[in-house]
Amino acid sequence: MLPIYCHPMYLIVPNYYGPRQDYRMNYPFNRQFPDVNPTMFEQSAKSMQILMKEASLVLNKLAQSKDFATKVMYAAQQSNMNEVDKLIKSTGIKSTVKTSFNPDGIQMKLTSSIGEAECCHLTVSLRWL
């Protein structure tokens with residue numbers, strides 16, 4: 001049997017001509033919660049581990065290759081989204097990545113799906129100014 005959570009409800013009524021008044025309604029709030037199924041949660045956690053490894057690939061490449069970082073910045077400066085995405089994908093990541101940038105830096109959103117459902121995403125933001 002599922003536990004029933006009871007909690008007193010408060011109603012806060014503003015009084016424009018005096019102090020605020022709180023009224024307590026003394027009736028229980030009964031909620032029935034469905035049984036939990038952690039399958040999707042577990043799969044999302046596993047997918048997030050993969051996203052984190054892939055983000056690490058991109059970060060390692062940017063940190064270790066000045067030439068690669070320069071190419072990414074140059075393509076972003078030229079607003080060449082296709083080239084930026086191609087460079088990011090060239091690091092070996094398999095996940096969907098959506099990049100955006102502004103004069104201050106770049107943002108990469110890595111996304112993973114389980115079946116048709118998007119299960120998780122990881123956003124990495126880096127400054128270059």
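FYI, the numbering just counts along the sequence from 1.
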Close side-chain approach of [X] to [Y], heavy-atom, < 4.5 Å:
{"X": "Leu51", "Y": "Cys120", "result": "yes"}
{"X": "Lys66", "Y": "Thr70", "result": "yes"}
{"X": "Phe41", "Y": "Val36", "result": "no"}
{"X": "Val72", "Y": "Thr99", "result": "no"}
{"X": "Glu118", "Y": "Thr111", "result": "yes"}
{"X": "Gln77", "Y": "Phe101", "result": "no"}
{"X": "Met108", "Y": "Leu126", "result": "yes"}

Using 0.5 Å steps for rounding, measure from the [atom1] atom of [X] to the [atom2] atom of [Y].
{"X": "Asn102", "Y": "Ser125", "atom1": "CG", "atom2": "OG", "answer": "9.5 Å"}
{"X": "Met73", "Y": "Leu87", "atom1": "CE", "atom2": "CG", "answer": "13.0 Å"}
{"X": "Lys71", "Y": "Ser65", "atom1": "NZ", "atom2": "OG", "answer": "7.5 Å"}
{"X": "Cys119", "Y": "Lys46", "atom1": "SG", "atom2": "NZ", "answer": "12.0 Å"}
{"X": "His121", "Y": "Thr96", "atom1": "NE2", "atom2": "OG1", "answer": "13.0 Å"}

Check side-chain contact (heavy atoms from CB on, under 4.5 Å) between Met52 and all other residues, then give those that pass, not counting sequence neighbours. Met48, Leu122
Quick check: closest heavy atoms across [X] and [Y], and the distance to 0.1 Å?
{"X": "Val97", "Y": "Asp85", "result": "O-OD1, 4.5 Å"}
{"X": "Trp128", "Y": "Ala76", "result": "CH2-CB, 3.5 Å"}
{"X": "Leu129", "Y": "Arg127", "result": "O-NH2, 2.7 Å"}
{"X": "Thr39", "Y": "Asn37", "result": "OG1-OD1, 2.7 Å"}
{"X": "Ala75", "Y": "Val84", "result": "CB-CG2, 3.6 Å"}

Is a donor on one side and an acceptor on the other found under 3.5 Å between the side chain of [X] and the backbone of [Y]?
{"X": "Asn60", "Y": "Ala63", "result": "no"}
{"X": "Glu54", "Y": "Leu110", "result": "no"}
{"X": "Ser47", "Y": "Ser44", "result": "no"}

How about Lys89: does its NZ atom have over 12 heavy atoms from other parts shown lying under 6.0 Å from it?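 Counting neighbours around NZ of Lys89, more than 12 heavy atoms of other residues, nucleotides or ligands fall under 6.0 Å, so yes.
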Using the side chain to side chain contact (heavy atoms under 4.5 Å, CB included) rule, take Val58 and Val124 through it: C-alpha gap first, then chi angles, then the decisive distance, then the call. CA-CA 10 Å; Val58 175; Val124 178; over 6 Å; no
State plainly whether one hydrophobic cluster holds both Ile50 and Ile114, where clusters connect Ile, Leu, Val, Met, Phe, Trp and Tyr through side-chain heavy atoms under 4.5 angstrom apart. no
